[in-house]
Amino acid sequence: MASVALRGVRKDFGRTQVIKGVDLEIADREFVVFVGPSGCGKSTLLRLIAGLEDASAGEIEIGGRVVNTMAPKDRNIAMVFQNYALYPHMTVARNMGFGLRAARLPAAEIERRVRAAADMLGLADLLDRRPGALSGGQRQRVAMGRAIVRDPQVFLFDEPLSNLDAQLRTQVRTEIKKLHQQVRTTAIYVTHDQVEAMTLADRIVLLRDGRVEQVGTPTALFERPVNRFVAGFIGSPAMNFIPARLEGAEIVLPGMRLPCPALAHRGGDGAVTLGIRPEDIWAGEDSLRAPVACRFEAVAGVVEPMGSEALVMTQVGGVDVQVRLIGRAHPRAGERLRLAMDPAQIHVFDGASGVSLR
Amino acid sequence: MFFAVVRFWPAVDAMMLSVSRWNLVGPRQFVGLANYERMAGDPVFWQVLGNTFEYLLLGLPVSLVLAFVIAFYLDRVEYGQGLLRALYFLPHLTTATAMAWVWRWFYQPPPVGLFNAWLGALGFGAQPFLRSTTQALPAVLVAAIWAALGFQVVIFMAGLKAIPRSYYEAAAIDGAGFWQILREITLPLLAPSVVFLLITTSIGLLRIFDLVYNITAGGEGGPLNATKPLVLSIYQSAFARMDMGYASAQTVVLFVILLALSLLQMRLLRGRDEGGRG
C-alpha cells in the first residue's frame, strides 16, 4: 500500500494541452475519485499514473518513489479497464492469473491466490468459464479479481461501471466500496458520474479542462463548492443559479432582497449569481420557517412526481428554478406556490469569475 | 442452376474423364482405372507430386512466419505505415507472368543476373540457381513467397489491428514480457487470420503453376522436372500431349489432396478454438 503524489504534472498531445499542471497528494489507503465532464483529462491523468502515457512535465510519485521513467509493471499498480480487457480465449482462472504468470510465481501459489480472490468476489463457480459466457457484472468482477490477485500498492479504476445497466451499476458500486473497506488498498477511480463519485470517494478531485477545480470530501464539495462550476456539477438535481446584484449588505433578486451581512461593502460592480439547491427551497408550511425576506411566490410549471418526492419547475425573475419537494403530496401544474430559500444554504458566486463569495 | 452448370458439371466431367481415354477431338473411350494404374507406375508423376508437397511444406511455414513478422513490426510503425503496407501489397497486384520474368532475370548466370552480380561483388562464386536440379525449386519458391507476401501481410495487419489496445495495456501493467504477450494474447487472438491464410496459402502453393511455367526454360518445369508441380504436369498431359484422361486423373488426385488438407486444417483449428487453450 502506498501514497501517491502528483507535482506539476502536465501532458500535451502534440499542441493540445490535456493536463495543464496538476498537484495532488493521495494518502495511503485513501479512495480518491477523479470526476469531471468528458474531455476534462481525468482518464489521461489516471493513465499517467499507470504509466500508459508519459508525463510531459512534473513528477509522479508512488509509495515515495518517483515513477516517471518506470515501466507500468514496475509501478506495482493494478488497473481495471472500462472494457475490462479480459482475454476472450482464456478462462476466468487464466485471466485472473495472467499477471502472476508474468511474475513467474509457482503454479500452486497462482492457484491459491486466484482461488482466494475468486472466493472474495463470488467467482468460485465461474473459474472455468470464458468471459464470453459471463454477464456484464460477472466480467466486471473478474476484472477486479485480476487486479486483486496481484496485491498491488494502488488500484486504478477507469470508468469501470459505465458498461453496466443502471441497476447493476448501483449494486457493483456497493461491492467496490465494500471491497475497498476489506482490502484498504489505495484506490484511484475515474468516472464522469457525480453520484458514483459522491458515494465511493473518501475525497473527490473535480477536474475541468485539464485542471483541478476542487479537492475535498464529498460533503465539502457539496456544501462548500469553491466556484459555480463545482456547485453545478456536484449534486443531483443540479443547483439553481439566479442572476442577482449585491447592493450593500443585500442580495437583490427580482422581487426579493435577501440580507447578507457577510458580503457587505464588497467592491466590484455588484453582479453576482445566487445559487440554491432544489432541496434547499422550502414550500408551504415549511416556508414559514424562513425569514420573511427569503420567502417568495411562484407558479408551478412542469411537475415530475417520483413517489416519495417531486421535482417542480418554477420561475424566479424569468429564470427556471427547480424545487424538490419531499413527501407524497405534490402540487399541480399552474398552482401558486409559497416558497422560501433556506438562508443557511444560499451560495453566492461572483458574476464574472464564478468564484464563490461565501 | 448456375452453380450446377459452371462448377459441378466440369468437376463431375473431370472425374468421368479420368476413367476414359480422350484426345479432345475424337470419341471418348472408357478405360476403367488404367489412367490411375499408369500414374502409379510413372516416376515423373511421383517426382511431380513430391515437388508439389515440397512447395507446400517449405513454402507454407516460411511465408506465414515471414508475413507475420513483417506485419507485426509494420503494425508498430507510426509514420508512413499506409505507404509501406501499399508497397508490400504491390506484388499482389502484379501479374504472375511479369513477376516470373523479372525473377528469371534475377537468377540468370553472370554477368546478366542480379543475384549472381551481387554474389560476385561480395566475392562469392556464381550459383546456377534455375539451372540446378537442387537449387531450382527453392529459387522458384522464393519468388512465389515474395509474390504472396503482400496479401498475407495485409491480412495479418488487419487481424492485429482488430485486437483491442487495452489488452496490451493490461498486459503491460501486469508485467507480461514480449513472449508471453505474443504467445498468450497476440497469436490466439490472431487465430482467425491464421486459419484463413493457412488454407488460402496451402491451396495457392498446391496449385502453383503460372510462376513455374514462366520462370523455367521453355515452361517445362525443368531442369529434369525438378521444379514441375502437379498443375503444370496436368497442363502438359492435357494440352501438350492431348491426353485428357491422364490429365483428369491427376486433377482428381489434386482435388482429393486439396479437400483432405482443407478439412484437416479446419478441424484442427476448430478443435483448438473450442477446447484446447484455457
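Below, chains carry the letters A, B, ... as their sequence lines are ordered, and counting in each starts from 1. Since the model is a prediction, treat every value here as computed from it, not as a measurement.
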Of all residues at least two apart in sequence or in a different chain, which pass the side chain to side chain donor-acceptor pair (under 3.5 Å) check with A:His180? none
Test salt bridge (charged side-chain N to carboxylate O under 4.0 Å, His left out) applied to A:Asp158 - qualifying residues, sequence neighbours left out: none
[X] atom [atom1], over 12 foreign heavy atoms within 6.0 Å:
X        : atom1 : result
B:Phe255 : CZ    : no
B:Trp146 : CH2   : yes
A:Asp125 : CG    : no

For residues 169-181 of chain B, give me every residue with a non-hydrogen atom less than 4.5 Å from any non-hydrogen atom of chain A. B:Glu169, B:Ala170, B:Ala171, B:Ala172, B:Ile173, B:Asp174, B:Gly175, B:Ala176, B:Gln180
Chain A contacts: which residues in residues 192-200 of chain B have a non-hydrogen atom closer than 4.5 Å to it? none
Residue pair B:Glu184 / A:Phe98, side-chain heavy-atom distance below 4.5 Å: yes
To the nearest 0.5 Å, atom CE of A:Met90 lies from atom CG of B:Leu189 at 8.0 Å
Measure the CZ-CG distance between B:Arg165 and A:Asn83 for me, rounded to the nearest 0.5 Å. 12.0 Å
Below 4.5 Å from any heavy atom of chain B, which atoms of A:Arg101 appear? Answer side chain, backbone, both or neither. both
Sort A:Leu86 into side chain, backbone, both or neither according to what part of it lies under 4.5 angstrom from a heavy atom of chain B. backbone
Measure from the side-chain N and O atoms of A:Tyr87 to the backbone N and O of B:Tyr167, and report whether any donor-acceptor pair falls under 3.5 Å. yes
